[in-house]
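Note sheet for the following structure.
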Amino acid sequence: MLHALCLLGLVPFASAGIFNRPSAPKAATFAGSTSTFAFPPPNVTATVPDPNFPDAAAVGFPGATPTGDEAFAIETAPALAPFKNTAPIVAPDTADHKGAQFDVIKNWGNLAPMRSVDPGFFGLPDASPVVPKGCSINQVHILHRHGARYPTSGSAPAAFAGRIHNATVNGTGFTASGPLEFLNDWTFKLGAEILTPLGRQQLYELGASARVRYGDLLKGFSDLPVWRTTSEERMVDSASAHRNVRLQFAAGFFGVQQYQTSYHQLIEVEAPGFNTTLASYDFCNNSNNAIASLGSVKSTQWALKYTVPTIKRLSNFINGYNLTATDIIAMQQSCAYESVALGFSSFCSLFTEEEWESYEYFNDLSFWYGNGPGNPAVAAQGVGYVQEFISRLTKTRISTFATSVNESIVTDEIKFPLDQPIFVDASHDTIITAIAVALNLTSLASSGPLPTDHIAKRQWVVSNIAPFGTNLVAQVLSCPASDTPTHIRWILNDAVVPLTGVKGCKTDRNGLCPLATYIAGTQARIEEIDFQFDCFGNYTTPDPDTIIDGRFPPSLRNHTT
């Protein structure tokens, strides 16, 4: 879930009367207003089954129906087909016409569609998601985010639309020309929260890909799989992004005819006061206060710097409305949100290659200090899932409950089985980054802390870590191949991640760590994370913030309560 990004202390760039602007028609009074459409048409109800339109079973004559064997591309293929497709998004150009060489979409941070990360990005250029030669895979754990969705309620694009509309209704109006001329009759067409068509496509393809890669592991099930997702209290069942996520993924994995009878869906309550490791910010006070807002503070510092020339340039093309850094961020977000919802956005080509790189860094700062290694309450938010993961690996039930782990779920053999060959959990972008920090995947943080006055070379790039459809996968392997697991490794968006941050795990070209070593090292990591203090302690983040492991520094504890 993307927490609201708040730009603090931003001042408008004066635009009235200091430039000679081209003449242009005045903005329509409906500019910035919200437009909506709902389908099916009102008062139309589908009857299932409909006697006029019988289903295939009633019609009969199915023809040949034998199925083939399960695919197992993760072991049998020499390489895997990467995720590259961003259709139906129209590839945007930039203001300086670099779109043919520069990938604007890649710079949308957590709003970018997931694409396979380059093999060496996290530090293992020779590693592949394909099982190393001589090994076999015994179990897979898939943690993924939903696909592309509409903005969260109260998002920056919606607020920008409100300001634009207010200028035409309660102000003197404005006139936009040149590249901004579209604002004269632009309306806000984005809903809130639910998956877009692209988002549904992403999850279906992710499920289908998982079936092709890992389908043979279904042969190890003696009962139906139990896969988890979250609820969202303000959303109805049919529209909830996360419930829909599981259905879309399952339809891709099992097929639209079979998915409803092929697995069990466990929905964990996502609401304040409820324990769930898939939305643990609701059970961590310091993820909902000034400590959590550190990402907004740091990214704002960068925004106030990088947007200055952008405001000056674009202010030449609008009269009667004073642009601010808040507007520039909202317009860049609008490019991403409109593109993943509508296929195209006129906002995209407003910005140069350098401005898009700056926006990417804006998101990286926001996540680093708000939902990543630089925030002292983040490892605590991810540690509950890590406990569940170790419980599954060791087939040992959790017996102490001092984190976001839900006791009633994990102690139930039906709701929380420990012996599945395939585990699948759906969560949010900020939770997945928290889990990565709790797992001590330190290569992601190797270039931190991130400065706020210039763009740093880094491996913490949110479009590679937590885009729409992101997936963090643990492969449990046997090397040499056998029925007894001996090794483990983590793969993030098809790039293998080094495990050298886990105590005892050595450098390995394939990212492997002996299973027993990994379990012991991760248990040590769990022990060093103080959930109660980091989530509920009365402290302020150190300044300067040099944290790179998502924990409040133990050496500073004596200055806190």
Side-chain angles (χ1 to χ4, degrees), residues 1-6 108-112 114 117 121-123 143 145 277-281 284 286-303 359-386 404 427-452 455-468 470-472 490 492-493 495 497-498 501 525 528-529 531 534-535 541-553:
M1 174 182 290
L2 176 64
H3 293 304
L5 300 179
C6 176
W108 292 345
N110 62 316
L111 305 183
M114 189 279 288
V117 175
F121 187 81
F122 299 124
L143 173 67
R145 183 192 179 197
T277 61
L278 303 179
S280 53
Y281 40 66
C284 178
N286 289 336
S287 66
N288 297 284
N289 57 19
I291 294 169
S293 68
L294 182 63
S296 294
V297 172
K298 296 291 189 179
S299 58
T300 292
Q301 293 173 5
W302 172 240
Y359 175 72
E360 178 184 54
Y361 194 61
F362 170 88
N363 283 295
D364 296 344
L365 284 168
S366 178
F367 268 76
W368 175 276
Y369 289 105
N371 311 104
N375 188 286
V378 162
Q381 293 173 59
V383 72
Y385 186 91
V386 179
S404 59
S427 187
H428 300 279
D429 50 357
T430 57
I431 296 300
I432 292 174
T433 57
I435 290 169
V437 172
L439 287 167
N440 227 20
L441 302 181
T442 54
S443 68
L444 304 182
S446 59
S447 53
L450 300 184
T452 61
I455 297 177
K457 186 177 180 181
R458 64 213 180 275
Q459 287 181 307
W460 184 264
V461 177
V462 176
S463 61
N464 285 339
I465 298 172
F468 284 134
T470 193
N471 53 100
L472 180 61
W490 282 97
L492 179 55
N493 295 328
V497 184
R525 172 64 169 166
E528 76 176 12
I529 297 173
F531 179 87
D534 289 355
C535 273
T541 305
D543 187 14
D545 180 1
T546 58
I547 297 171
I548 58 172
D549 68 347
R551 298 188 301 144
F552 187 84

Problem set entry | Steps toward side-chain contact (heavy atoms from CB on, under 4.5 Å) verdict (L143, Y385) | CA-CA 10 Å; L143 173 67; Y385 186 91; 3.8 Å; yes
Seminar exercise, completed: On a heavy-atom basis, the closest approach of D545 and I547 is OD1-N, 3.0 Å
For this session: For residues R458 and L450, determine if any side-chain heavy atom of one lies less than 4.5 Å from a side-chain heavy atom of the other.
Result: yes
Seminar exercise, completed: Given the options Y361, Y359, F362, W302 meets ring-ring contact (aromatic ring centres under 6.0 Å, His included) only with Y361
Exercise. Any side-chain heavy atom of P373 within less than 4.5 Å of one from L444?
Worked result: no
For this session: Report the distance from atom CG of L441 to atom OG of S446, rounding to the nearest 0.5 Å.
Result: 11.5 Å
Exercise. Between V378 and T433, is any pair of side-chain heavy atoms under 4.5 Å apart?
Worked result: no
Exercise. What do the steps show when you test N471 against N493 for side-chain contact (heavy atoms from CB on, under 4.5 Å), and what is the final call?
Worked result: CA-CA 5 Å; N471 53 100; N493 295 328; 3.4 Å; yes
Exercise. So, do P449 and Y369 sit near enough that their side-chain heavy atoms are less than 4.5 Å apart?
Worked result: yes
For this session: For residues S447 and K457, report the shortest heavy-atom separation together with the two atoms involved.
Result: CB-O, 3.4 Å
Problem set entry | Validation row: L365, W460 side chains within 4.5 angstrom (heavy atoms) | no
For this session: Work out which heavy atom in C284 is nearest to a heavy atom in N288; give both atom names and the distance.
Result: O-ND2, 3.2 Å
Seminar exercise, completed: Between the NE2 atom in H428 and the CD1 atom in I435, the distance rounded to the nearest 0.5 Å is 11.0 Å
For this session: Without swapping roles, check the side chain of S287 against the backbone of Y281 for a donor-acceptor pair under 3.5 Å.
Result: yes
Exercise. Which distance, rounded to the nearest 0.5 Å, do you find between the CH2 of W490 and the OG of S443?
Worked result: 13.5 Å
Problem set entry | Spacing of R145 atom CZ and S427 atom OG [to the nearest 0.5 Å] | 10.0 Å
For this session: First locate atom CD1 of I291, then atom CG of N375, and finally report the distance between them rounded to the nearest 0.5 Å.
Result: 7.5 Å
For this session: For residues F531 and A380, report the shortest heavy-atom separation together with the two atoms involved.
Result: CD1-O, 3.2 Å
For this session: Work out which heavy atom in P467 is nearest to a heavy atom in A112; give both atom names and the distance.
Result: CB-O, 3.0 Å
Exercise. Would you find a donor on one side and an acceptor on the other, under 3.5 Å apart, between the side chain of S293 and the backbone of A290?
Worked result: yes
For this session: Quick one: do T300 and T452 satisfy side-chain contact (heavy atoms from CB on, under 4.5 Å)? Show the steps, please.
Result: CA-CA 9 Å; T300 292; T452 61; over 6 Å; no
For this session: Heavy atoms only: give me the nearest T442-G501 pair and the separation to one decimal.
Result: OG1-CA, 3.4 Å
Exercise. Just wondering, do P376 and D534 contact through their side chains at under 4.5 Å, heavy atoms?
Worked result: no
Exercise. Is L439 close to L472 at the side-chain level, that is, under 4.5 Å between some pair of heavy atoms?
Worked result: yes
For this session: Give me the one residue out of I455, V461, N464, N110 that meets side chain to side chain contact (heavy atoms under 4.5 Å, CB included) with D364.
Result: V461
Exercise. side-chain contact (heavy atoms from CB on, under 4.5 Å) between I465 and T470: does it pass, once the steps are laid out?
Worked result: CA-CA 7 Å; I465 298 172; T470 193; 6.0 Å; no
Problem set entry | V462 side chain near W108 side chain, heavy-atom distance below 4.5 Å | no
Problem set entry | Atom pair CG/CD of D549 and E528 - distance to nearest 0.5 Å | 6.5 Å
